[in-house]
Amino acid sequence: MHMKPSPERLAELHRRLIAGDAAAPAEFIELLLPWLVEEMGRARGRLRDEQIAFDAATDALVHFVKAPGRYDNAQASITSYLNMAARRNLSNALLKERRHKARIFRLEPVAQAEAARNETSEGLLADLGDRDVARKRLEELTGGQMGALSTEDHAVLRLLSDGERSTERFAFVMGIAGKSDQEKKLLVKQAKDRLLRRLRRSSSETDHD
Amino acid sequence: MTSTPLNNLDRAAERASKDDFFIGHLLASLVGSRGMARATIAQRLCCQEHQLARLWLCRAPREEALAFRQDVEQIASAIGCDATSLAQLVREAASLQALRSQSQSTSSSMLLAARDRESDRKMDGPPDGGPNE
């Protein structure tokens with residue numbers, strides 16, 4: 001456990017930062033970083049990503065050494081001030097992460113026309129590792145996210161995850177079995193492309209997460 | 001960087017190398033562009049490699065001669081490295097950055113000039129000795 005640095009030592013470093021001492025930023029950061037990272041880890045006991053806690057603490061310290069004049073010692077101690085700043089960074093980072101995750105599962109509709117003028121479904125399937133990706137995403141969808149999918153999309157996704165290749169089977173679940181072979185082929189291709197595009201997008205966003 | 005896991009100070013130093021407030025931003029260009037090893041930098045500064053993280057987190061020296069000298073001396077004294085060598089390294093890194101930004105602007109000017117020549121040629125028609133001659 002890292003001890004909170006003494007107020008006297010911090011006040012001295014603050015004076016040096018204000019005076020423009022070029023070595024003071026390093027001393028200030030080195031002194032406070034272990035303590036502040038630990039504080040952030042404690043602030044979010046269930047925090048999965050230790051990097052977020054570290055970034056929140058580092059950003060607070062960097063901000064402080066770059067503009068030491070913004071700190072007013074009549075308002076709070078340096079440690080309280082840094083703790084508040086780092087917690088604010090942490091909250092913002094977690095909020096951003098939550099929004100990012102929500103976006104992954106939004107599965108916004110993609111215009112069918114857009115799908116048709118892009119890669120072939122064979123190309124996309126190869127790119128994605130086809131049914132494994134479809135199966136993985138299907139397993140990851142929660143009840144609410146499942147509700148965001150149309151019945152048709154859900155059925156197509158399930159066929160994809162089963163590795164189904166027959167246009168007839170896709171046409172049947174899509175309710176277009178009565179159309180001509182050419183139309184069925186085109187509509188099935190568009191539906192697969194559209195869905196695979198969503199899957200690919202959500203997969204890549206998850207990888208960056 | 002070493003292959004062992006980075007400690008918090010090393011990670012903060014990496015963060016500093018992306019921010020031009022810190023001297024680490026300047027010195028990192030020597031590591032990046034010239035492929036200078038951190039061990040070589042430590043050797044030139046007469047200090048231990050583990051002290052570089054702290055060095056990286058110092059403020060970049062101001063440009064004005066007197067302030068530059070004062071800043072370099074403060075840093076060298078705090079880190080325990082040779083002030084003259086540090087001043088040389090900082091100047092080297094600053095020159096490198098200036099050259100790099102100059103060469104970037106030169107190459108974009110050359111590209112623009114080449115594009116202008118190309119469009120002039122198109123407007124003037126085929127060059128001498130071309131099929132219409």
Side-chain angles (χ1 to χ4, degrees), chain A residues 1-5 9-10 12-43 47 49-71 82-83 85-86 89-90 93, chain B residues 5-28 42 45 47-83 86-87 89-91 93-94:
Chain A
M1 187 176 157
H2 294 96
M3 295 294 287
K4 196 192 284 190
R9 173 87 176 109
L10 290 176
E12 183 241 329
L13 277 171
H14 184 234
R15 271 195 300 275
R16 284 174 54 198
L17 284 170
I18 294 279
D21 183 331
E27 287 182 48
F28 188 83
I29 292 171
E30 188 177 12
L31 183 69
L32 283 150
L33 187 62
W35 167 77
L36 197 53
V37 169
E38 201 171 88
E39 284 288 305
M40 288 309 100
R42 230 195 327 262
L47 193 68
D49 193 349
E50 181 264 341
Q51 181 70 37
I52 296 181
F54 175 81
D55 288 343
T58 314
D59 285 349
L61 291 167
V62 166
H63 196 256
F64 190 96
V65 299
K66 285 169 86 170
R70 285 192 188 162
Y71 165 70
L82 287 169
N83 207 321
N89 294 341
L90 191 61
Chain B
L6 297 178
N7 65 30
N8 281 346
L9 200 63
D10 287 326
R11 288 164 70 191
E14 273 199 352
R15 156 87 165 74
S17 67
K18 295 179 184 89
D19 187 332
D20 62 9
F21 172 83
F22 296 100
I23 197 172
H25 178 73
L26 267 175
L27 298 178
L45 294 174
C47 70
Q48 300 292 313
E49 204 177 326
H50 69 84
Q51 289 169 286
L52 294 185
R54 200 186 302 152
L55 169 63
W56 249 236
L57 288 163
C58 290
R59 179 173 55 70
R62 290 163 290 179
E63 285 179 10
E64 191 267 316
L66 198 64
F68 178 83
R69 186 178 162 175
Q70 188 187 344
D71 289 346
V72 165
E73 279 173 357
Q74 267 173 347
I75 295 169
S77 154
I79 304 297
C81 67
D82 181 61
L86 179 60
L89 265 183
V90 170
R91 291 287 191 215

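Excluded from the calculations below are hydrogen atoms, water molecules and symmetry mates; all remaining heavy atoms, backbone and side chain alike, are included. Each chain gets a letter, A, B and so on, in the order its sequence line appears, and its residues count up from 1.
Contact count against chain A (heavy-atom pairs under 4.5 Å) is highest for B:L57 among B:L57, B:D71, B:V72.
Within 6.0 Å of atom CZ in A:R9, more than 12 heavy atoms from other residues, nucleotides or ligands are found, so the atom counts as buried in its surroundings. The number of heavy-atom neighbours closer than 6.0 Å to CD of B:Q48, taken from other residues, nucleotides and ligands shown, is 12 or below. In this structure, B:E64 places its CD atom where more than 12 heavy-atom neighbours from other residues, nucleotides or ligands lie under 6.0 Å away. Crowding of B:H25 atom NE2: a count of heavy atoms from other residues, nucleotides or ligands under 6.0 Å exceeding 12.
Here CG of B:N8 is found 10.0 Å from CD of A:E38. Values are rounded to the nearest 0.5 Å.
Across A:A23 and B:I75, no two heavy atoms sit closer than the pair CB-CA, 4.2 Å.
Looking only at distances, a side-chain donor or acceptor of B:Q74 sits under 3.5 Å from a matching main-chain atom of A:A22. Within the 3.5 Å criterion, the main-chain N or O of A:P25 finds no donor-acceptor partner in the side chain of B:R59.
For the pair A:V65/B:F21, a side-chain contact is recorded, criterion being any heavy-atom separation below 4.5 Å from C-beta on.
Contacts between A:D59 and chain B at a heavy-atom distance below 4.5 Å involve backbone atoms as well as side-chain atoms.
A side-chain contact (heavy atoms from CB on, under 4.5 Å) with B:R15 is found for exactly one of A:V62, A:I29, A:D55, namely A:V62.
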